[in-house]
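Nothing here was measured: the structure is a model prediction, and the numbers come from that model.
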Amino acid sequence: MVKDVYDPKAVEKKWQAEWVKRKTFAAADPSDPRPRYYCLEMFPYPSGNLHMGHVRNYTLGDIPARYHRMKGENVLHPIGWDAFGLPAENAAIKNKTHPEKWTRQNIAVMGQQLKALGISYDWDREFATCDPDYYRWNQWFFIKFFEKGLAYKKKAAVNWCPSCKTVLANEQVSAEGTCWRCDSVVEQKELEQWFFKITAYAEQLLEDHDLLRGAWPDEVLAMQANWIGKSDGAEVLFKVQGRPETLTVFTTRPDTLFGATFMALAPQHPLAQALSQTPDKKKKLAELVDLQGARKRNRQGAGEKSGFFLDAYAINPVNQKPAPIWVSDYVLMEYGTGAIMAVPAHDQRDFEFARKYGIPIIEVIQPLIPSPSMGEGKDGGATQQGLPPPPSSPTKGEEGSLTAAYEAEGKMINSGEFTGLPSAEGKKKIGQWLKSKDAGQPTVTYKLRDWLLSRQRYWGTPIPMLTCETCGLVPAAEKDLPVLLPTDVEFTGTGESPLSKSASFLNAKCPKCGGKARRETDTMDTFVDSSWYYARYADPKESKAPFDSARANPWLPVNQYIGGIEHATMHLIYSRFWHKAMRDLGLVSSPEPFQRLLAQGMVTLDGSAMSKSRGNVVDPDAIIEKYGADTARMFILFAAPPTQQLAWSDEGVNGAWRFLSRVWRLVEHVTKALPKGEAPLEAQKKLLRKQHWAIDKVTRDFEPEIQINTAIAAVMELVNVLYLYPMMGDPASKQAVLTVVQLLSPVAPHLMDDLWETMGQEGMASESKWPAADPQWLTADQVEIVVQINGKLRARIQMAPGASKDVLEKEALADPKVQAALAGKSVGKVIVVPDKLVNIVVK
RNA sequence: GGCCCCGUGGUGGAAUUGGUAGACGCGCGGGACUCAAAAUCCCGUGUCCGCAAGGGCAUGUCGGUUCGAGUCCGACCGGGGCCACCA
């Protein structure tokens, strides 16, 4: 029987062993003269088994790693485990085991799966974030941040289950606001919590988008900019009539200051509290707080606004007019100053509130009057000259009253000395005026909030702080790190944090005075672990510091980072912040951690994301078992561009298998055929052109943008040409087949190393030198020139490349088909694009 | 409500960035091999008219710019994502 398929199991086992033996994927020391390339995929949470999303992520990452290695670069391609987190603790509660045991088991399983996929990792650098050798440096960083004022403590609300007496993570609270374990209604409770001052870096995080533009997806940058939420405006100080306080508000529209007819405070605002001393007001205030809480929980946006008058007035600094002070649920304490000046004529929210409670509305911005020539016929003039489009006039209802706020720019009216100014200019002028009168100043605010990192959980990095009876809040001494997680704890899921029940952990000596001290029982958010792991990989065994800058810096920033879009804001902002903080500590010299980012698309089946609850999961192990890792990789890379959704298809997997077998048979033919000579010169030339075209195309598709699907298509074209080649086994065909093997090596590395050996080559395809396209074969000796008449294809003519415009025009006009089509028409302009087309314009 | 993506054959997707629309794969049809099937190899495959040569129509819709538009501009329709009472 003729064997027409290969045996992936044997091949893959053989080469995986060989790679380990030869240390094929070990990164060399940065002092190595070769250029360095650091390729990283977001490390996995050890949840149990790899799913298809993992397979896609790590296969995608393996392409640049293997390609750059073949290009002769010193490649760092590490892997590790994001090992702390809630699921381990939940599993521990459920199975009455320890989170570490569950985690380590999962790491073992998933590590084997990654090895079975043949991802080219430097396994010597592997670590898990739950290793004390790793998390001690989280603690070290925390202390450094604390010393620099980047870590601080303040009260913040947490989800609290009154029946379990425990803090709940957001994902442990149902959509209805109840506890996942006991269904009690979850309350908000104020606790002392640790924060990182990421807001100190808000401006830099935004500004440095300039360094990332083009190398990061626009979508991710847009999401981050949105998240940081910068607004330009002014702070305005209002005196409170008959009281000592000054009310500070933030506005993006200082130009509307004359239209401020009332003030609105957030229910949590200190002045709102101070002005609500009667039992009636206290009750109403509490109701507003509840309204806000409910809306936040249900993720509702704008809606019905309510509030009440506080029986007090604030004095508008521009005209000394008193404005009534209200409190309302539509004002948020956490943004700006928690208080606003309300301009109902020019802000829709203020408008709705004023309407509801009968507060006066004063117009201070007039729409620019559209000129009669605009808005008809040719649109053009206005926008081309950089003028804003004509604004729609405010919508007026009966008796000239407004039906909606006019929020666009315009001309200032009813604004004292500023009347007549365009609003853009008025913004600046009023900002300056406020400053000169000590009544405010131009200012900038951000939506970005400080990073709340306290978790009332066990399975995380202990926060290395102590409270001493005499010295107060003290950081642990560096020599005492790591502050180890205690093992004498129980996991019940109820009661206080497990750490607070371990006496051996809780009671300690003060590092300052040696007196009695109590340890912090909160652990760190796991996003801390993933904020700097990429730097640890560059020097993973260092024991005196998070990493030795001299060894790690040359590898940074990561050249190519690959992972899911779901991390666009959280992880990718936190690690950018952390990197800048590390730079300011003198540990790294680059401004950004990740030079280039690829956000991969989801893997779907039957139109929706694969998930256990939907029951539409395809198990990676089953695919590897049936077809081998090379086929799985091949399918995943070919079926869709990396950034797009990938629809799983069994036929598609089979197609990938067929193609790899086709390449395998090609090698059988080329090595076993006994050629009687060489193919005709024309056939050889055709093959050479295809071969070098494919090299060129694949090389361009691998870098800088990773477009593997079209790269694979190019190799398929070369294979198709080889199958039609008349003298299989002659030197030209052998050479072309070797090219196929090399070009596919990053995609299907096991089979290609095997075929490389079959063809009697030295070493491994994985270690071979990436082929270079010979420019001589990249140009054809005949090019097809398309002849169009009025843009419609009418003929094709064959020409030598490089023909002049005149010659092309003459030849095109002389073509019989063109002649026929031109009969009776007069030729106008003729457009000639050399080596491409001639377009004849006729009337 | 704000911001950002995406609409191309039966299907997954190509298109050198304004220059031959549909590469490559899947599926389907035909042929070769086979007692037969599978596998494999070869050919075909947007759609309509036509025996053919050839021609018309085609990238969500409608306009615009251009010698030329899947690509650029405007409006609309449809799908998706992120943020969301952010002053």
ask   = Given that N790(A) and M333(A) both sit by RNA chain B, which one's nearest nucleotide is further toward the 5' end?
value = N790(A)
message = Suppose you measure atom C1' in rC33(B) against the same atom in rA14(B); what distance do you get, rounded to whole Å?
response = 34 Å
ask   = Between L221(A) (CG) and rC4(B) (C1'), how many Å, whole number?
value = 11 Å
Got a list of side-chain donor-acceptor pairs under 3.5 Å for residues 249-258 of chain A, not counting sequence neighbours?
{"from": "T251(A)", "atom 1": "OG1", "to": "R253(A)", "atom 2": "N", "distance (Å)": "2.8"}
{"from": "R253(A)", "atom 1": "NE", "to": "D255(A)", "atom 2": "OD1", "distance (Å)": "3.1"}
{"from": "R253(A)", "atom 1": "NE", "to": "D255(A)", "atom 2": "OD2", "distance (Å)": "3.3"}
{"from": "R253(A)", "atom 1": "NH1", "to": "E407(A)", "atom 2": "O", "distance (Å)": "2.9"}
{"from": "R253(A)", "atom 1": "NH2", "to": "D255(A)", "atom 2": "OD2", "distance (Å)": "3.0"}
{"from": "T256(A)", "atom 1": "OG1", "to": "R253(A)", "atom 2": "O", "distance (Å)": "2.8"}

query = Can you find a pair of side-chain heavy atoms, one from T631(A) and one from P8(A), that are under 4.5 Å apart?
reply = no
task = Please work out if S231(A) contacts a base, only the sugar-phosphate, or nothing of the nucleic acid, heavy-atom cut-off 4.0 Å.
result = sugar-phosphate
request  = Check every strand shown and say whether E304(A) touches a base, only sugar-phosphate, or nothing at a heavy-atom separation below 4.0 Å.
outcome  = base
task = Report which part of the nucleic acid V331(A) touches: base, sugar-phosphate, or nothing (heavy-atom distance under 4.0 Å, all strands).
result = base
task = Nearest whole angstrom, please: distance from the C1' of rA39(B) to the CH2 of W664(A).
result = 13 Å
inquiry  = Tell me if rU17(B) is syn or anti. Syn = glycosidic torsion within 90° of 0, anti otherwise.
reply    = syn
ask   = Contact class for A647(A) vs. all strands (heavy atom < 4.0 Å): base, sugar-phosphate, or nothing?
value = nothing
ask   = Among rC67(B), rC42(B), rA87(B), which nucleotide sits nearest the side chain of F250(A)?
value = rA87(B)
inquiry  = Any side-chain to backbone donor/acceptor pair from E352(A) onto E304(A)? Under 3.5 Å, distance only.
reply    = no
task = Could you state the atom-to-atom distance from NE2 of H669(A) to P of rU40(B) in whole Å?
result = 13 Å
Minimum-distance pair of heavy atoms, taken over all atoms of L597(A) and P217(A) = O-CD, 3.4 Å
message = Tell me if rG9(B) is syn or anti. Syn = glycosidic torsion within 90° of 0, anti otherwise.
response = syn
request  = Quick one: closest heavy-atom pair of A234(A) and T443(A), and the distance?
outcome  = C-CG2, 3.6 Å
query = Atom CG of L247(A) to atom C1' of rA87(B): distance rounded to whole Å?
reply = 13 Å
ask   = If the sugar-phosphate is the primed atoms plus P, OP1 and OP2 and the base is the rest, what is the B/S/- string for nucleotides 17-29 of chain B, using protein heavy atoms under 4.0 Å?
value = --BB--BBSSS--
remark   = Where RNA chain B forms runs of at least three Watson-Crick or G-U pairs (i with j, i+1 with j-1, under 3.5 Å), the stems are B:1-7 with B:77-83, B:10-12 with B:24-26, B:27-32 with B:40-45, B:46-49 with B:54-57, B:60-64 with B:72-76
query = What's the CG-P distance between L666(A) and rC42(B), to the nearest Å?
reply = 11 Å
task = Return each pair, listed once, that meets side chain to side chain donor-acceptor pair (under 3.5 Å) where at least one residue sits in residues 818-834 of chain A; pairs must be two or more places apart or across chains.
result = none
inquiry  = Strictly below 4.0 Å, N to O, side chains only: are R700(A) and D696(A) in salt-bridge contact?
reply    = yes
inquiry  = Go nucleotide by nucleotide along RNA chain B from the 5' end; which of K817(A) and L646(A) gets its closest nucleotide reached first?
reply    = L646(A)
Any T445(A) side-chain N or O less than 4.0 Å from OP1/OP2 of rA87(B) = no
key: C1' spacing across the pair rC24(B) / rC4(B), given as an integer number of angstrom   = 31 Å
Shortest non-hydrogen separation from A679(A) to A683(A) and the atoms involved = CB-CB, 4.3 Å
inquiry  = Using atom C1' in both nucleotides, what's the gap between rG1(B) and rG18(B) to the nearest angstrom?
reply    = 36 Å
query = For atom C1', what is the distance between rG68(B) and rG2(B), given to the nearest Å?
reply = 38 Å
request  = Determine the interatomic distance between C1' on rG27(B) and the same-named atom on rC77(B); round to the nearest Å.
outcome  = 31 Å
message = Tell me if the NZ atom of K810(A) is crowded by more than 12 foreign heavy atoms within 6.0 Å.
response = no
message = By the 4.0 Å heavy-atom rule, please label P217(A) as base, sugar-phosphate, or nothing.
response = nothing
query = So, do M634(A) and W657(A) sit near enough that their side-chain heavy atoms are less than 4.5 Å apart?
reply = no
task = Select base, sugar-phosphate, or nothing to describe what K792(A) touches, counting heavy atoms under 4.0 Å on all strands.
result = sugar-phosphate
query = OP1 or OP2 of rC41(B) sitting under 4.0 Å from any side-chain N/O of R665(A)?
reply = yes
ask   = When you compare rU59(B) with rU20(B), how far apart are their P atoms, in angstrom units rounded to a whole number?
value = 15 Å
ask   = Could you give the OH-to-C1' distance, from Y330(A) to rA84(B), as a whole number of Å?
value = 17 Å
query = If you look at every heavy atom in N839(A) and N790(A), which pair is closest and at what distance?
reply = OD1-N, 3.4 Å
inquiry  = In whole Å, measure the gap between the C1' atoms of rC72(B) and rG13(B) for me.
reply    = 24 Å
remark   = Of rG56(B), rG13(B), rC67(B), the nucleotide closest to the side chain of R794(A) is rG56(B)
key: Whole-Å distance separating the CD atom of E407(A) from the P atom of rG1(B)   = 12 Å
message = For L288(A), is there any backbone N or O sitting under 3.5 Å from a side-chain donor or acceptor partner on D329(A)?
response = no
Between the protein and nucleotides 80-82 of chain B, list every N/O to N/O distance that falls short of 3.5 Å.
none

request  = Search all heavy atoms of I565(A) against all heavy atoms of E219(A) and return the closest pair with its distance.
outcome  = CD1-OE1, 3.8 Å
ask   = Does a side-chain N or O from Y723(A) land closer than 4.0 Å to OP1 or OP2 of rC42(B), or not?
value = no
Distance, P atom - from rA52(B) to rG79(B), rounded to whole angstrom = 42 Å
message = Tell me every residue that passes ring pair (Phe, Tyr, Trp, His ring centres under 6.0 Å) with Y335(A), counting only those two or more places apart in sequence or in another chain.
response = none
request  = Could you state the atom-to-atom distance from CG of D701(A) to P of rG13(B) in whole Å?
outcome  = 17 Å
